[in-house]
Amino acid sequence: MRVSQILLATVREIPAEAETLSHQLMLRAGMIRKLAAGIYTWLPLGLRVLRKVETIVREEMTRAGAQEVLMPAIQPAELWQESGRWDQYGPELLRLKDRHQRDFCFGPTHEEVITDLVRREIKSYRQLPANFYQIQMKFRDEIRPRFGVMRAREFLMKDAYSFHLDDASLKETYEVMHAAYSRIFERVGLEFRPVAADTGTIGGAVSHEFHVLADSGEDAIAICNKCDYAANIELAQALPPLGKRPAPGRPMQTVDTPNQRTIEEVSRYLEIDPTQTAKTLLVKGVGGAIALVLRGDHELNEVKAAKLPQVAKPLIFLTPGEIELAAGCEVGSIGLVGLKIPVVADESAARLADFVCGANVNGKHYLNANWGRDAAEPAVADIRKVVEGDPCPAGNCTGTLTIRRGIEVGHIFQLGTKYSEAMRATVLDESGKAVVMPMGCYGIGVSRVVAAAIEQNHDDAGIIWPDAVAPFHLALVPIGYHKSARVKEVTDKLYAELVRHGLDVLMDDRDERPGVIFADMDLIGIPHRLVIGDKGLAKEAVEYKGRRDKQLTDIPLADVVARMRGLIPL
RNA sequence: CGGGGCGUAGCGCAGCCUGGUAGCGCACCACCUUGGGGUGGUGGUGGUCGGAGGUUCAAAUCCUCUCGCCCCGACCA
């Protein structure tokens, strides 16, 4: 492609609306333009990248034995009513009516449609397992679309759904898809981790998320430094501390802690390590308020806490007024001693002895409080977030956990029979009996992968595409294309030859100053660059520079095509 | 949805407080200049000041309503 033939819509200034680097760079490089909140047009340059990701996904889905279909974006309400999600889904589901006032929605996902298809078309266990996928625009009316295509309302997703005779078959396909996902993100050229995940609202038993590691990621994930354990921080298990709780040493006493509310303030004021303090959080329980106790330096894991049988769903913290009523004080002085409500302590908090906690009187704390002596023995559970340095919870691993940030680009589930049961999707087994098919579902945010690739690969000058998804492999930059006959002749010839060898080449034939061209090619992230100028041609050479290189390399004109073919994997 | 902020040329912004002919930089067009990291110059094109209503001789500016967008908290690929 010649630059004169493509809409190269680069801009110098950073649009005010863009906060994250990938969003800024996608706008500046002219990859996308916003049409409305969370709704974007993909310009030619951006679309080339999107298509390359799609191609990799298709190839790996085919390799994994999945078949491509294309389902409607608009779906009838009946199907959603049948699965029960028409009422469950809430305002994130974009609902519409046709001219006959019939209800439809714009599909945020396709479990219902595929289950409907499969129950009609698949009758026999001999047709199983079956795995269908599509690559399609989804719409989810997110409360707060953000970060450009990273969290858009309309986004491109690859979704796959597998159907099985039994759970063993489901697990088998799940493993194949797990491996396929790893291959996809490897091929795109991303640093990523599959992590054990909470199944959340979609349901099912087993689930993994695929995270691209990036400091700007919205999710925290815990990774072991020795084994391959990795889990979303929502799920990561905190092991109970080793050893037994020490016996109470000193008598409990009340101290004044005027205006000291947070654990930080209180421990600094009392000159006590936060690990020797306990903090008490009050939430709604199934029959009234309930207290959750954590070691001062730990944070509540709300997902774990919400799973406690004593806790009301969803997890809701008491309001200041309700706290006053339950504990008799303000937030900063709540303590576990003398509470009249059930207490659940985290493992680490339950191991404390002679600790500091609030006295349920404003501006007062207790020193040397002890479980069993000053307060009843609490119910004990794992309700905290793991922290950097926690021991790895994988069996007999001696490693410790590191916390990293990640961007969720894929999520796979063993769904089980949630949808096939509700929609009565059955096949006849060997004995002629109807069996409800267990299902798996597997998603990749294709458009999000593009943004994630940028978050992981950029510098001050712009994007640095991995070869596999670059809109063009190679930038051909003539110096004086419109002035020097020799430069033009060599450039045109090189261009034709490189293209003939299958490389995606962007040749900048604009009558622009070299600085402008270099800046644009760097910004849009073309990973390889050849400069053709009279200076080099005098030596029968052109200059090569990789996007990450500091130095230029002269390449003899005669070797250029072979060198580039060797350098760029196709 | 709750809290904060912003809507003035394609982009980035000033002007608003204290009402009086709508500005700057970039981009774009023309000509000249320059030609290996966003050259320099001259001249131009482009705006119902988000929309509606009100106050006023007069509204980008003051008031009311409304729409849109951005940022901080509960969801997901």
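Chain naming here is simple, since letters A, B, ... match the order of the sequence lines and numbering starts at 1 in each.
- In this structure, the nucleotide among B/rC76, B/rC71, B/rC26 sitting nearest to the side chain of A/R146 is B/rC71.
- Counting only residues at least two apart or on different chains, the salt bridge (charged side-chain N to carboxylate O under 4.0 Å, His left out) pairs with a member in residues 453-462 of chain A are A/D459-A/R547.
- Classified by interplanar angle (parallel below 30°, tilted 30° to 60°, perpendicular above 60°), the ring pair A/H208/A/Y174 is tilted.
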Could you go through residues 301-311 of chain A and list every donor-acceptor pair under 3.5 Å that involves a side-chain atom there, pairing it with any protein atom two or more places apart or in another chain?
| from | atom 1 | to | atom 2 | distance (Å) |
| --- | --- | --- | --- | --- |
| A/N301 | OD1 | A/V303 | N | 3.0 |
| A/N301 | OD1 | A/K304 | N | 3.0 |
| A/N301 | ND2 | A/I233 | O | 3.0 |
| A/N301 | ND2 | A/E234 | O | 3.1 |
| A/K304 | NZ | A/A236 | O | 2.7 |
| A/K304 | NZ | A/D382 | OD1 | 3.0 |
| A/K304 | NZ | A/D382 | OD2 | 3.0 |
| A/K304 | NZ | A/R384 | O | 2.8 |
| A/K307 | NZ | A/D198 | OD1 | 2.9 |

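- Separating the CZ atom of A/F317 from the C1' atom of B/rG73 is a distance of 13 Å, rounded to the nearest angstrom.
- Partner assigned to B/rC62 is B/rG54, using Watson-Crick or G-U wobble distances below 3.5 angstrom.
- Ionic pairing of A/D554 and A/K535 is not present here: no N-O contact between side-chain nitrogen and carboxylate oxygen is shorter than 4.0 angstrom.
- To the nearest 0.5 angstrom, A/L530 atom CG is 13.0 Å from A/M521 atom CE.
- At a cut-off of 3.5 angstrom, counting only N and O atoms as typed in the model, there is a donor on one side and an acceptor on the other between the side-chain of A/R151 and the base of B/rC75.
- The separation between A/E142 atom CD and B/rC72 atom C1' is 16 Å, rounded to whole Å.
- Residue-level contact check: A/D141 touches neither bases nor backbone, having no heavy atom under 4.0 Å from any strand.
- Summarising the geometry, the separation between CD1 on A/I14 and C1' on B/rC71 is reported as 17 Å, rounded to the nearest angstrom.
- A salt bridge links A/E218 with A/R151; the closest basic N to acidic carboxylate O contact falls under 4.0 Å.
- In this structure, the nucleotide among B/rA27, B/rC1, B/rC76 sitting nearest to the side chain of A/R12 is B/rA27.
- If you measure from atom CD1 of A/I143 to atom C1' of B/rC70, you get 17 Å, rounded to the nearest angstrom.
- The side chain of A/R144 sits closest to B/rA74 out of B/rC76, B/rA74, B/rA77.
- Using cut-offs of 30° and 60° for the angle between ring planes, the A/H411 and A/F413 rings count as parallel.
- In this structure, the CD atom of A/E13 is 14 Å from the C1' atom of B/rA14, given to the nearest Å.
- Near RNA chain B, meaning a heavy atom under 4.0 Å from it, residues 17-40 of chain A has A/E17, A/E19, A/R28, A/K34, A/A37 in order of number.
- The pair A/E54-A/R51 counts as a salt bridge, with a side-chain nitrogen and a carboxylate oxygen less than 4.0 angstrom apart.
- Sorted by first then second residue, the salt bridge (charged side-chain N to carboxylate O under 4.0 Å, His left out) pairs that include residues 22-45 of chain A, not counting sequence neighbours, are A/E17-A/K34.
- Of the listed nucleotides (B/rC75, B/rA77, B/rG12), B/rG12 has the atom at the smallest distance from the side chain of A/P15.
- Among residues two or more places apart in sequence or in another chain, the side chain to side chain donor-acceptor pair (under 3.5 Å) test is passed with A/T55 by none.
- The side chain of A/K545 lies closest to B/rG37 when the candidates are B/rA74, B/rC72, B/rG37.
- Mapped onto RNA chain B by nearest heavy atom, A/R153 and A/A461 fall at different nucleotides, with A/A461 at the one closer to the 5' end.
- Remark: A/D511, A/E512, A/R513, A/P514, A/G515, A/V516, A/F518, A/A519, A/D520, A/D522, A/R529, A/V531, A/G533, A/K535 in residues 505-535 of chain A come within less than 4.0 Å of RNA chain B through at least one heavy atom.
- Across all strands, A/E209 comes closer than 4.0 Å to no nucleic acid atom at all (heavy-atom distances).
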